[in-house]
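Proteins get letters first, then strands, A, B, ... in listed order; numbering begins at 1 in each.
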Amino acid sequence: MALLEIKDLHKSFKETEVLSGVSLSIERGEVMSIQGPSGSGKTTLLRCMNFLEKSDAGTMIFDGEEYELAGIGKAQIARIRRRTGFVFQNYNLFANKTALDNVALGLYSARRIPKKEAREKAMEQLKHVGMEGFAASYPAQLSGGQQQRVAIARALACEPELIYFDEPTSALDPDLTAEVLEVMRRLAGEGMTMIVVTHETAFAKEVSTKAIYMEKGKIKETKGEKL
Amino acid sequence: MTGQAVWELVTGSFPKILEYGLKVTLPLAVIAFILSTLIAVGVAMLQYAKVPVAGPLCRFYIWIIRGTPLLVQLMVSFYGLPLLGIHIHPFIVAVAVFSINEGAYSAETMRAAMEAVPAGQLEAGYCVGMSYMQNMHHIILPQAFRTAFPSLFNALISMVKDTSLASAITVVEMFTRTKQIAGQSYNYLPLYLEVALIYLLFCTVLSFVQRGGEKLLGSYGVRK
Ligand SMILES: Nc1ncnc2c1ncn2[C@@H]1O[C@H](COP(=O)(O)OP(=O)(O)OP(=O)(O)O)[C@@H](O)[C@H]1O
Ligand SMILES: [Mg+2]
């Protein structure tokens with residue numbers, strides 16, 4: 001059974017239809033890459049799947065539970081979000097929190113894990129991405145690559161079953177890109193389920209089990225296993 | 001009047017003037033500042049969240065307050081409240097009017113500071129499972145407060161001086177007290193210069209408090 005399945009997702013901004021019937025599915029442990037020209041709707045698709053944008057129509061089946069995307073409620077959104085992570089193109093770290101607290105905050109505020117325990121867990125995740133030496137640094141004191149690794153640790157801390165990545169390296173220099181891709185490669189190796197929008201064609205070929213190519217709000221081509 | 005006599009007048013009146021500064025002027029400004037900040041945070045949050053009805057009501061409040069002089073607001077409250085059967089001490093009226101007045105300005109400062117926090121951080125908060133209020137508490141308000149702090153403190157410093165307007169509604173504060181003493185001695189200028197120096201002293205101390213506050217709040221590693 002697929003971990004996540006999307007059926008016929010539609011999304012318009014005002015009059016313009018940006019996603020015109022997108023369907024996809026991903027099994028546990030799979031890595032799906034999404035590529036396509038600028039403006040084809042890749043970011044919008046990820047944002048709709050994590051409810052940062054409201055879809056106009058479509059169905060989501062997450063771990064066997066079916067949801068109507070257009071009418072989904074707050075509680076259901078919260079339930080699904082607790083099981084997914086999101087990594088943004090521009091990191092979006094909390095500027096007023098240290099690297100450690102960026103990772104720990106979701107644990108001690110949303111999940112009500114005691115602060116001390118949350119920070120211990122957060123430290124584990126920082127180690128996982130090689131950022132334990134920067135636990136006390138604020139985002140403004142970190143390089144882009146370092147910020148993105150903290151952002152990945154933040155997503156990992158909530159023990160998600162699926163992580164969305166929206167062009168996690170496209171704001172980075174080549175050498176910083178390499179350090180972030182290295183972390184993602186390791187995650188893929190550990191069996192993390194990931195949906196990755198990326199322009200890194202070589203990386204996409206190397207790690208993805210399924211590759212999607214989007215154009216004008218539609219999936220034009222799917223490589224890999226059956227859809 | 002000889003220099004000697006002027007000097008005696010100034011030094012003799014100093015404790016009397018300072019007393020009213022510490023007993024009336026400063027408490028009026030500080031209490032009103034604290035209340036105005038609370039009003040500002042509430043009003044800014046209602047607007048930031050675009051709460052129906054309450055949001056537009058906040059705009060209306062800001063519109064009225066910013067569009068009328070503080071002195072007129074003091075007068076209207078002072079003469080209006082008794083007509084409504086509300087009889088309270090003029091000092092309390094002054095505290096209320098200063099709070100409500102400053103609250104409207106500070107609400108705009110706070111709202112702008114909240115909107116300056118990148119929306120992406122709020123989205124990141126949602127993505128790790130935080131609720132709107134948890135985002136407010138941990139992400140938006142702390143950053144907004146840090147951004148707004150110098151402007152808010154600026155308002156406090158202005159307010160210390162504006163408290164002299166409270167004399168219009170019979171509150172005897174530092175400036176009114178100075179006027180009384182000056183009237184008895186028929187020697188105005190030295191006393192007004194003296195009270196000017198005391199205001200300056202108060203504001204200087206507050207400037208240091210502001211610096212300290214800014215240090216305490218930190219700058220999240222952003223080099224200034
Ligand atoms: N909030 C919005 N309001 C209006 N239009 C939007 C909004 N967000 C995206 N769009 C439009 O939707 C279309 C798809 O945008 P999207 O960001 O999903 O593309 P993308 O495939 O991620 O592109 P890129 O590779 O440049 O990141 C674009 O035409 C864009 O202008
Ligand atoms: Mg995009």
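The parts of A:Arg154 that come within reach of chain B are both its backbone and its side chain, each placing non-hydrogen atoms under 4.5 angstrom from that chain. In this structure, the portion of B:Gln134 lying under 4.5 Å from any heavy atom of chain A is its side chain and not its backbone. For A:Asn50, the part lying under 4.5 angstrom from a heavy atom of chain B is the side chain only. Heavy atoms closer than 4.5 Å to chain B are found nowhere in A:Thr98, neither backbone nor side chain. For A:Arg81, the parts lying near chain B are the backbone and the side chain together; criterion is any non-hydrogen pair under 4.5 Å. When heavy atoms are compared at a cutoff of 4.5 Å, A:Lys97 approaches chain B solely by way of its side chain, counted from C-beta outward.
With chain B as the partner, the residue from A:Ala157, A:Ala95, A:Cys158 showing the most heavy-atom pairs under 4.5 Å is A:Ala95. Note: B:Ala124 leads B:Ala119, B:Ala124, B:Gly129, B:Gly125 in heavy-atom pairs under 4.5 Å with chain A. Note on A:Phe51, A:Tyr91, A:Phe94, A:Phe88: by heavy-atom pairs under 4.5 Å with chain B, the leading option is A:Phe94.
Residues B:Tyr220 and A:Tyr138 approach most closely at O-CB, 3.1 Å, considering heavy atoms.
No more than 12 heavy atoms of other residues, nucleotides or ligands shown are found within 6.0 angstrom of CZ on B:Phe60. Within a 6.0 Å radius of CZ in B:Arg211, other residues, nucleotides and ligands contribute 12 heavy atoms or fewer. Counting heavy atoms of neighbouring residues, nucleotides and ligands inside a 6.0 Å radius, atom NE2 of A:His199 exceeds 12 of them.
Checked by atom type, the side-chain pair A:Asn92/B:Gln121 shows no donor-acceptor distance below 3.5 Å.
In this structure, the side chain of A:Asn96 engages the main chain of B:His138 through a donor-acceptor pair within 3.5 Å.
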(request) Please assess A:Leu52 against B:Cys127 for the test side chain to side chain contact (heavy atoms under 4.5 Å, CB included), listing each intermediate value before the final yes or no. (result) CA-CA 9 Å; A:Leu52 293 172; B:Cys127 286; 3.9 Å; yes
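Every pair tested for ring-ring contact (aromatic ring centres under 6.0 Å, His included) that includes a residue from residues 66-103 of chain B fails, sequence neighbours excluded, so the list is empty.
Chain B is approached within less than 4.5 Å, heavy atom to heavy atom, by A:Leu105, A:Gly106, A:Tyr108, A:Ser109, A:Ala110, A:Arg111, A:Arg112 from residues 104-131 of chain A, ordered by number.
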